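The structure appears right after this line, and notes come after that.
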Amino acid sequence: MLYFAYGSNMLTERLRARVPSAQPRATATLPRYTLCFHKRSQDGSGKCSVTDARGAPSPVHGVLFDIDQDGVSMLDAAENRGHGYERQAVSVTTEDQTVQAFAYIAQPAYVDNTLQPYDWYRRLVVAGAHQHGLPTAYRQQVAAVSGMPDPDAARRRTHRSLLEDAGLQHLWPDA
């Protein structure tokens, strides 16, 4: 199945830690949507979701991954499907075609526009965008989102190690 990742799962190492079978296929955009960091996480921070752009041309950039059926079940569990995110069909555009994929979109009861992401989470999103060559302006837009430090040092270290595994530790220079 084709999965459209637009948040921290764009970083291949992050997604493969959850779904070992995941294979990047292409970059893509989700037209008529906007990227938000407003999905309430179990840790109290904001995680990525997408929302209707209400007519404003604001495509969400992301990465298409091939995932086998067992991987979809693993990803449903990792994304806490039904308790924060729903898996939804989306039409995304690659360089040369429009394809059907699935994405995880926040359930309305889990949306809080006052939330901020942890700095490490925002860095994973930027790193995934960098790893797959998404537009520089888009990466800068994501990097400019206000974040907050995570008080859990072990969680910060765990997520920084994903950037090291990807060879992208330079995107987290202040660690």
Side-chain angles (χ1 to χ4, degrees), residues 1-39 41 45-67 71-72 75 78-79 85 87-106 115-148 159-175:
M1 293 182 72
L2 283 179
Y3 165 53
F4 178 68
Y6 56 80
S8 65
N9 285 339
M10 287 190 296
L11 184 66
T12 301
E13 290 72 12
R14 164 91 160 166
L15 184 57
R16 283 196 181 140
R18 295 171 161 189
V19 181
S21 69
Q23 295 295 321
R25 179 172 171 182
T27 59
T29 57
L30 179 62
R32 298 181 300 279
Y33 280 81
T34 298
L35 180 70
C36 301
F37 287 81
H38 66 192
K39 189 266 179 190
S41 177
S45 68
K47 300 294 191 261
C48 285
S49 189
V50 294
T51 188
D52 186 321
R54 308 225 191 296
S58 181
V60 175
H61 294 269
V63 181
L64 281 174
F65 287 90
D66 281 311
I67 298 178
V72 173
L75 195 53
E79 294 298 332
Y85 283 114
R87 181 172 14 114
Q88 295 184 15
V90 293
S91 292
V92 295
T93 305
T94 66
E95 187 175 280
D96 56 359
Q97 63 183 328
T98 298
V99 298
Q100 295 297 305
F102 72 90
Y104 292 93
I105 298 177
L115 295 174
Q116 291 183 324
Y118 284 134
D119 290 338
W120 61 260
Y121 181 82
R122 185 191 60 224
R123 286 180 173 124
L124 292 181
V125 178
V126 171
H130 180 83
Q131 183 179 57
H132 294 283
L134 298 185
T136 301
Y138 189 75
R139 287 184 265 163
Q140 291 170 341
Q141 174 188 345
V142 173
V145 169
S146 294
M148 61 184 178
H159 291 96
R160 187 174 199 291
S161 71
L162 290 170
L163 293 187
E164 292 169 355
D165 292 347
L168 298 170
Q169 60 271 18
H170 65 280
L171 296 175
W172 196 333
D174 57 344

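Predicted model only: the values in this text are computed from it and were never measured.
- The side-chain hydrogen bond (donor to acceptor under 3.5 Å, both in side chains) check on Gln100 picks up Ser91, with sequence neighbours excluded.
- Minimum heavy-atom separation, Val90 to Phe4: CG2-CB, 4.4 Å.
- Within the 3.5 Å criterion, the main-chain N or O of Leu2 finds no donor-acceptor partner in the side chain of Asp66.
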Original post:
Given the rule in the side chain to side chain contact (heavy atoms under 4.5 Å, CB included) test, do His132 and Thr12 qualify, once you have shown the distances and angles that lead to the verdict?
Top reply: CA-CA 9 Å; His132 294 283; Thr12 301; 3.0 Å; yes
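- Taking every heavy atom of both residues into account, Arg122 and Ser146 meet most closely at NH1-C, 3.7 Å.
- Every residue meeting the side chain to side chain contact (heavy atoms under 4.5 Å, CB included) condition with Ser161, not counting sequence neighbours, appears here in chain and number order: Glu164.
- Among residues two or more places apart in sequence or in another chain, the salt bridge (Lys or Arg N to Asp or Glu O under 4.0 Å) test is passed with Glu13 by none.
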Donor-acceptor pairs under 3.5 Å, side chain of residues 137-144 to any protein atom, not counting sequence neighbours: which ones?
{"from": "Tyr138", "atom 1": "OH", "to": "His61", "atom 2": "N", "distance (Å)": "3.4"}
{"from": "Arg139", "atom 1": "NE", "to": "Leu134", "atom 2": "O", "distance (Å)": "3.0"}
{"from": "Arg139", "atom 1": "NH1", "to": "His130", "atom 2": "ND1", "distance (Å)": "2.8"}
{"from": "Arg139", "atom 1": "NH2", "to": "Leu134", "atom 2": "O", "distance (Å)": "3.2"}
{"from": "Arg139", "atom 1": "NH2", "to": "Thr136", "atom 2": "OG1", "distance (Å)": "3.2"}

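- Environment of CD in Gln97: crowded, with over 12 heavy atoms of neighbouring residues, nucleotides or ligands closer than 6.0 Å.
- Qualifying side-chain hydrogen bond (donor to acceptor under 3.5 Å, both in side chains) partners for Lys47, counting only residues two or more places apart in sequence or in other chains: Asp43, Ser45.
- For residues 15-24, the salt bridge (charged side-chain N to carboxylate O under 4.0 Å, His left out) pairs, not counting sequence neighbours, are Arg18-Glu79.
- Contact detail for Gly147 and Asp119: the closest heavy-atom pair is C-OD1, 3.2 Å.
- Nearest heavy-atom pair, Val125 versus Gly7, reported as atom, atom and distance to 0.1 Å: CG2-C, 3.7 Å.
- Residues forming a salt bridge (Lys or Arg N to Asp or Glu O under 4.0 Å) with Arg14 (at least two apart in sequence, or on another chain): none.
- Residues that satisfy the salt bridge (Lys or Arg N to Asp or Glu O under 4.0 Å) test with Asp165, not counting sequence neighbours, are absent from this structure.
- Tyr121 places a side-chain N or O within 3.5 Å of a backbone atom of Cys48 that can act as its donor or acceptor partner.
- For Leu115, the side chain to side chain contact (heavy atoms under 4.5 Å, CB included) partners are Arg40, Asp112, not counting sequence neighbours.
- The minimum heavy-atom distance between Leu11 and Ala166, with the atom names listed, is CD1-CB, 4.0 Å.
- Atom CG of residue Leu168 and atom CZ of residue Arg160 lie 11.0 Å apart, to the nearest 0.5 angstrom.
- Remark: Asn9 CG to Ile67 CD1 distance equals 8.0 Å, nearest 0.5 Å.
- Qualifying side-chain hydrogen bond (donor to acceptor under 3.5 Å, both in side chains) partners for Thr98, counting only residues two or more places apart in sequence or in other chains: none.
- Under the rule for a ring-ring contact (aromatic ring centres under 6.0 Å, His included), the partners of Tyr104 that lie at least two apart in sequence or sit in another chain are Tyr3, Phe102.
- For Gln88, the side-chain hydrogen bond (donor to acceptor under 3.5 Å, both in side chains) test picks out no residue, with sequence neighbours left out.
- Contact detail for Ala106 and Lys39: the closest heavy-atom pair is CB-CG, 3.4 Å.
- Within the 4.5 Å cutoff, no side-chain heavy atoms of Gln131 are placed close to those of Met10.
- Distance check, rounded to the nearest 0.5 Å: CG of Leu30 to CZ of Arg32 gives 8.5 Å.
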**OP:** Apply side chain to side chain contact (heavy atoms under 4.5 Å, CB included) to Leu75 and Leu15, showing your working.
**Re:** CA-CA 9 Å; Leu75 195 53; Leu15 184 57; 3.8 Å; yes
